[in-house]
Amino acid sequence: MSAPANALEVRDLVVTNGEVAAVRGVSFTIPAGGRMGLVGESGSGKSMTALALMGLLPMGWGAQGSVLHDGVDLVTQSDRALSSRRGRTLSMVFQDPLSSLNPVRRVGDQIAWVIRRHTGVDRREAERQTLDLVRQMKLPRPEQIVRAYPHEISGGQRQRIMIAMALACYPQLIIADEPTTALDVTVQKQVLRLLNAAVKERNSALLMITHDLPIIAAMCDSVAVMYAGRIVEMGPVGEVFRTPRHHYTRGLLESQPTMDNIALDGSSRLVSIPGMVPPLHDLPAGCAFHPRCPAASERCRSAMPELDGRGRAAACWHPAAAAVEAAP
Amino acid sequence: MNAQPSRRPLLALKGVTQTYRLARQSLFAARPILTVLDGIDFDVGPGEAVGLVGESGSGKTTLTRMLTGVERPQRGEVSFDGEDVWTMDAAERARFRRAVQVVLQNPRSSLDPRMRIGTSLLEPLRSLGVRGDHAARVHQVLDQVGLSRTALERFPHEFSGGQLQRIAIARALMPNPRVLIADEPVSALDVSIQAQVINLMQDLVHDLGLSLVFIAHDLSVVAYTTSRVSVMSAGRIVEVGRPLDLFTAPRAEATQSLVGAVLRVETGLAGHALD
Ligand SMILES: Nc1ncnc2c1ncn2[C@@H]1O[C@H](COP(=O)(O)OP(=O)(O)OP(=O)(O)O)[C@@H](O)[C@H]1O
Ligand SMILES: Nc1ncnc2c1ncn2[C@@H]1O[C@H](COP(=O)(O)OP(=O)(O)O)[C@@H](O)[C@H]1O
Ligand code: SF4
Ligand SMILES: [Mg+2]
Ligand SMILES: [Mg+2]
């Protein structure tokens, strides 16, 4: 049997709880071995999208649409079927490893358990593979680390343990939700480097969720920008970041702190997007970004724009034309 | 090297050293001692904005505890307006505690979830024992941070992270401080909101003549607002300079590693950000 051409095909995904929708019709495709970034401010629906894909939505929330992965539609799968897939064909790395690791079990045992459950190898073999993985994650003193409890190791080390666990069974798709947001810049770079190498080596596909654009630029080949539960722009990462068409994407890029053109006396101003992300229960009509958009017109206030293509696309009535300034 | 400001510093640490005793590793072992601050000299002048960067665990937060006088260093001197903070009389100490206020990284955990914003804003004055009707002051600080008065009746869960950080800044401004210490105030915020809060802190320095100590992991975050940045590593200040100089010609290894670790969109697109 040949491997499917796509690791993930999401069509018209909607995530709701009663009247409230956190994800409002999202479609994207990640080819086998591809890497897509999902970017947007907090509350834009990134994590809800990921949890819907994993079948791990919080109580009260439900998903509609279709999510094709490994020849099945995950939306229609039973809890049992989904649970036997998690860690095997798709796996997830969360922002806060402390809350997703079992606090009373040694980290090595937790990795070994995932391996035994999905591959059926014996205990000795699972322990051997665990130690191998922990070594690959460049953790110091691997023989001791596997015997540690989660609270006995640092945040960066815990995140590497989570990545090791997610990679243990060579999944077709790894979803990483803000995997380095809680880490400092030096540790962040180490962890991203390891994740990058490990995903490449296994030829797994990656869905990288973050509000940090430089991480997406470094790790992904395509990107989807989310705002208020919808994808407002997507395409190859170089094109979207060099010539953004939606005004939200443009605003995000322009508000990145850089050291270019910095004044010596601490008087430089950062460009910022005015206002806030709207609450889900009170979304503006038309383009949800219009109260914050410098180019908003009457039409933007009344009619909602749709994505204008399938590969490189933006959902905007008056797309920006020129490249972002100051990008050297 | 960087020239020291000629003005007299408003808040200063001189030769500050702090050690902690860690838990015993085994029954008979001596308790190991960790030197968290090691002979720190640090200061901020009146109306000056300075930065402090360093990797996680380098001692930045411990340093702020010395600046605010919540913890007494084992060695060295903490002074405010030329007076030793730990030998001043009660009246001077009260003045010092009012004058130095802090904003923390995570606004959600620094505000009481059961308290209306209006009550939270009064908290610093109450704990300092300042009595009276503060309604006018509350409205003034809300204006200063760009929040509407309707915020007063609401609870923290009704606000986004960026709005909560404005509220935390408003609360720190209530006692009319002379120094604001911001310990990673934007690390937990989204990029576009981060920019709003950084610009706000710059406005406060300009408009109110506040002194600012701005702490971050990322040099570029403090570079917009400050003209002098200290780099910390393992309890010491290893380099002091203007942000641009530290960025273009870092000398200390810790500065080089911080500068090198920061990811940029352009280097990412060029394909060698993770080399
Ligand atoms: N009360 C304490 N007892 C023992 N060790 C402590 C105590 N407070 C801090 N430390 C240790 O002192 C060192 C410096 O801690 P500090 O919180 O000042 O670092 P930081 O630079 O603020 O780090 P971060 O960027 O992660 O906030 C760390 O190794 C920390 O574990
Ligand atoms: N466990 C939950 N219960 C109720 N609402 C939630 C929960 N998790 C997220 N939400 C809501 O769903 C929306 C989208 O959130 P989320 O997907 O977490 O955003 P992001 O990951 O982009 O920051 C937000 O309005 C958030 O408040
Ligand atoms: S549709 Fe209108 S409001 Fe929305 S981003 Fe485009 S120009 Fe701005
Ligand atoms: Mg999230
Ligand atoms: Mg700290």
Side-chain angles (χ1 to χ4, degrees), chain A residues 39-44 154-156 181-190 192-193 195-197 211-220 237-238 241-242 248 251-260 262-277 279 292 324 327-328, chain B residues 48-51 54-58 158-163 187-199 202 205-206 212 214 217-228 242-245 247-248 257-275:
Chain A
V39 67
E41 264 161 283
S42 88
S44 57
S154 77
T181 305
L183 307 176
D184 89 54
V185 284
T186 346
V187 182
Q188 164 173 301
K189 189 166 179 181
Q190 291 164 5
L192 290 176
R193 209 183 256 160
L195 181 62
N196 199 40
H211 63 256
D212 198 342
L213 305 185
I215 292 182
I216 302 233
M219 304 268 302
C220 301
V237 69
F241 283 2
R242 289 207 177 93
Y248 174 62
L252 278 183
L253 283 157
E254 285 175 342
S255 44
Q256 297 287 316
T258 74
M259 293 300 286
D260 307 323
I262 205 102
L264 291 174
D265 58 355
S267 66
S268 312
R269 294 299 275 186
L270 265 163
V271 176
S272 68
I273 306 177
M276 326 271 165
V277 180
R292 307 174 71 188
V324 173
Chain B
E48 189 191 16
V50 299
E55 64 178 23
S56 191
S58 56
E158 299 174 63
F159 293 93
S160 68
Q163 288 172 312
S187 320
L189 306 180
D190 285 339
V191 203
S192 75
I193 307 297
Q194 213 177 57
Q196 292 177 1
V197 172
I198 292 173
N199 288 341
Q202 193 179 65
V205 172
H206 271 239
L212 175 70
F214 191 160
H217 284 135
D218 181 346
L219 182 61
S220 61
V221 164
V222 299
Y224 283 79
T225 325
T226 63
S227 50
R228 180 164 65 100
R242 297 189 298 195
L244 192 60
D245 298 339
F247 183 75
T248 51
S257 119
L258 277 177
V259 168
V262 173
L263 299 174
R264 299 278 170 241
V265 169
E266 269 312 311
T267 49
L269 293 181
H272 45 68
L274 294 177
D275 295 352

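Residue numbers begin at 1 in each chain, while the letters A, B, ... track the order of the sequences.
Neither the backbone nor the side chain of A:I216 comes within contact range of chain B; no heavy atom of the residue lies under 4.5 Å from a heavy atom of that chain. Neither the backbone nor the side chain of A:P279 comes within contact range of chain B; no heavy atoms are under 4.5 Å apart. Heavy atoms closer than 4.5 Å to chain A are found in both the backbone and the side chain of B:A223. Contacts between B:S160 and chain A at a heavy-atom distance below 4.5 Å involve the side chain alone, from C-beta outward. Using a 4.5 Å cut-off between heavy atoms, B:L244 contacts chain A through both its backbone and its side chain.
Looking at B:E55, its side chain never comes within 3.5 Å of a backbone N or O of A:V187 through a donor-acceptor pair.
Across A:T186 and B:S257, no two heavy atoms sit closer than the pair CG2-OG, 3.7 Å. Minimum interatomic distance between A:L270 and B:N199 (heavy atoms only, all atoms of both residues): O-ND2, 2.8 Å.
Distance OG/B:S56 to CD/A:Q188: 12.5 Å, rounded to 0.5 Å. Remark: A:L252 CG to B:D190 CG distance equals 8.5 Å, nearest 0.5 Å. Distance check: B:E266 CD to A:Q256 CD gives 11.0 Å after rounding to the nearest 0.5 Å.
At least one side-chain heavy atom of A:M219 sits less than 4.5 Å from a side-chain heavy atom of B:L274. Between B:L263 and A:L192 there is a side-chain heavy-atom pair separated by less than 4.5 Å.
Interface check for chain B: of the options A:I262, A:I273, A:D265, the most heavy-atom pairs under 4.5 Å are formed by A:I262. Residue with the most contacts toward chain B among A:P257, A:A218, A:S154: A:P257 (heavy-atom pairs, distance under 4.5 Å). Residue with the most contacts toward chain A among B:H272, B:Q202, B:Q163, B:Q194: B:Q202 (heavy-atom pairs, distance under 4.5 Å). In terms of heavy-atom pairs under 4.5 angstrom with chain B, the leader among A:S267, A:G238, A:A263, A:A197 is A:S267. Per-residue heavy-atom pair counts under 4.5 Å with chain B were compared for A:G156, A:G251, A:G275, A:G155, and the maximum is reached by A:G275.
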